[in-house]
Protein chains: 2
Amino acid sequence: MAAKSEQTRRLVADVALRMFREIGFEKTTMRAIAQEAGVSVGNAYYYFASKDELVQELYLQVQAEHAAAAAEALDGAKDLSARLKAVLHAGFDVMEPYHQFGADFIATAIRPTSPVNPFGEDSTAAREASLAIFRDAVEGSVPAAPKKLRGELPELLWLAYMGIALFWVYDKSEGQRRTRSLIDGVVPLIARGLSLAKIPGVGKVFDDVLGLVRSVRG
Amino acid sequence: MAAKSEQTRRLVADVALRMFREIGFEKTTMRAIAQEAGVSVGNAYYYFASKDELVQELYLQVQAEHAAAAAEALDGAKDLSARLKAVLHAGFDVMEPYHQFGADFIATAIRPTSPVNPFGEDSTAAREASLAIFRDAVEGSVPAAPKKLRGELPELLWLAYMGIALFWVYDKSEGQRRTRSLIDGVVPLIARGLSLAKIPGVGKVFDDVLGLVRSVRG
DNA sequence: ACTCATTCTTGAACACGTTCAAAACATCGA
DNA sequence: TCGATGTTTTGAACGTGTTCAAGAATGAGT
């Protein structure tokens with residue numbers, strides 16, 4: 001019966017995620033997870049090859065919630081600024097309960113060999129899902145973003161999102177309001193910056209930036 | 001005799017740094033360092049409170065080398081592009097032997113509590129030294145950078161340097177030539193971008209970016 | 001009902017970073 | 001020379017993530 005197996009897996013994952021949230025990454029030892037879940041340590045390892053894989057589980061869940069929250073928040077937002085803010089704020093709303101966990105998460109995630117690494121191969125699916133959120137924000141925008149930028153824009157915005165997430169991890173202000181201000185400040189600037197692409201002298205530079213992005217991505 | 005104590009400290013640090021370079025972060029265990037240095041584990045801990053502090057030792061050394069190499073490379077470079085390239089390439093020249101180590105270094109350094117965290121308080125001195133390199137590059141530039149940008153520019157360039165360093169860590173191409181291409185591509189774009197600040201419509205956006213940077217830095 | 005292969009579960013064991021009480025050593029004033 | 005005081009060194013011990021040989025439970029085929 002596959003259901004029983006899946007049940008144990010979910011139990012371990014749920015206990016781990018709750019402990020991550022409530023007592024943080026370091027205090028959530030594999031032994032503590034196992035004990036709390038009423039299984040042996042080895043059994044937890046049967047379902048998750050490493051503690052990192054439990055972090056990945058959290059990553060996937062947060063991302064699914066972000067996609068759902070973003071889709072809802074995008075409803076009714078027309079211009080790019082509003083849509084970007086919607087998507088970004090939705091992301092940090094979802095991440096809020098895990099703020100204290102963020103530091104350890106990033107330390108894990110930034111390692112090239114980590115399954116959670118957002119640039120790595122192991123998380124291609126997760127990255128695509130995350131990218132799709134930004135593609136959605138850009139493509140549904142009225143007025144539309146400059147045509148020549150539209151292809152690369154979601155990826156660049158996603159990259160900016162990673163940067164803001166890093167800022168958020170370091171943000172010790174209550175409720176991370178400094179991160180919220182950053183979003184509200186930077187998004188209109190991005191939108192205005194993009195509108196500059198029409199100016200001839202500026203457009204050339206934009207083209208070269210895009211060229212560089214393309215050549216470097218390979 | 002203070003000399004003997006300092007001698008042990010240097011011995012441990014030198015052995016550790018060499019092992020970091022030669023066999024990487026994980027294989028360089030505290031026990032291995034101690035054994036190779038001919039001291040006990042506890043003795044290594046008497047001088048370095050954690051493995052991270054040995055990483056910090058490496059960080060300081062690499063940075064001192066960077067400052068020296070940059071100063072030399074800046075000699076004779078006049079315009080901002082040339083000076084920036086000089087400084088950046090000098091940095092990665094110095095870091096080259098530690099490339100495989102880079103991933104673990106960044107995972108350590110990105111943790112807000114780490115003594116090596118480039119944004120943290122423990123490394124204010126190190127960050128200032130690193131910033132000074134970029135200040136030097138900007139201030140000695142002929143023609144000079146736009147006046148209104150000159151204050152924040154070194155900090156922004158340093159930030160870009162951190163971003164390129166992250167790219168470098170992931171760069172698996174031989175000799176990290178993709179990172180070198182990125183530098184050669186992005187630097188002229190930065191220089192050209194800055195020259196756009198004179199265009200009225202663009203200048204306003206620049207001003208707002210600077211305002212945001214200032215308001216967020218606190 | 002009885003194999004037998006597969007899936008699941010266990011807990012002892014390993015190497016690691018780190019801590020700490022105790023020992024060894026050094027320095028110095030009397 | 002002798003103790004007293006401070007500095008340096010030691011190695012066993014702790015808790016951690018992870019591994020693994022062994023056993024228990026399950027299920028399919030006869």
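To find a chain, count down the sequence lines: A is the first, B the second, and so on, and within it residues start at 1.
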* Measure the distance from CZ on A/Phe48 to C1' on D/dT19 and round it to the nearest whole Å. => 18 Å
* Is B/Arg135 salt-bridged to B/Glu139, cutoff N-O under 4.0 Å? -> no
* Do A/Tyr98 and A/Phe105 have ring centroids that are under 6.0 Å from one another? -> no
* Of A/Ser50 and B/Gly38, whose closest DNA chain D nucleotide lies nearer the 5' terminus? -> B/Gly38
* From CA spacing to verdict: side-chain hydrogen bond (donor to acceptor under 3.5 Å, both in side chains), A/Ser173, A/Asp171 -> CA-CA 6 Å; A/Ser173 65; A/Asp171 186 355; 2.6 Å; yes
* Do any side-chain nitrogens or oxygens of A/Tyr46 fall under 4.0 Å of OP1 or OP2 in C/dT9? -> no
* Structure fact -> Taken to the nearest whole Å, NZ/B/Lys51 to P/C/dT19 is 14 Å
* **Under 4.0 angstrom between B/Tyr47 side-chain N/O and D/dT9 OP1 or OP2** => yes
* Structure fact -> Between CD of A/Gln35 and C1' of C/dT9 the distance, given in whole Å, is 17 Å
* Asked: Does OP1 or OP2 of C/dG11 have a side-chain N or O of A/Ser40 closer than 4.0 Å?
  -> no
* To do: May I have the distance from A/Tyr45 (atom OH) to C/dG11 (atom P), rounded to whole angstrom?
  => 16 Å
* Using 30° and 60° as the class limits, which term best fits the ring planes of B/Phe20 and B/Phe101: parallel, tilted or perpendicular? -> tilted
* Structure fact -> Taking C/dG17, D/dT8, C/dT9 as options, the one with an atom nearest any side-chain atom of B/Ser5 is D/dT8
* Looking for any heavy atom pair under 4.0 Å, which part of the strands does B/Val41 touch: base, sugar-phosphate only, or nothing? -> base
* Atom-to-atom span, CG of A/Asp52 to C1' of D/dG17 - whole angstrom -> 10 Å
* Asked: Would you call the rings of A/His66 and A/Phe134 parallel, tilted or perpendicular if under 30° counts as parallel and over 60° as perpendicular?
  -> perpendicular
* **Between P of C/dG17 and CG of B/Asp104, the distance in whole Å** => 12 Å
* Atom-to-atom span, CD of A/Glu6 to P of C/dT7 - whole angstrom -> 15 Å
* To do: Please answer whether the main-chain N or O of B/Arg177 pairs with a side-chain N or O of B/Ser181 as donor and acceptor at a distance below 3.5 Å.
  => yes
* Does a side-chain N or O from B/Asn43 land closer than 4.0 Å to OP1 or OP2 of D/dT8, or not? -> no
* To do: Give a yes or no on whether a salt bridge exists between B/Glu155 and B/Arg214, defined as a side-chain N under 4.0 angstrom from a carboxylate O.
  => no
* Tell me which residues in residues 18-33 of chain A put a heavy atom below 4.0 Å from DNA chain D, sorted by number, or none. => A/Thr28, A/Thr29, A/Met30, A/Arg31
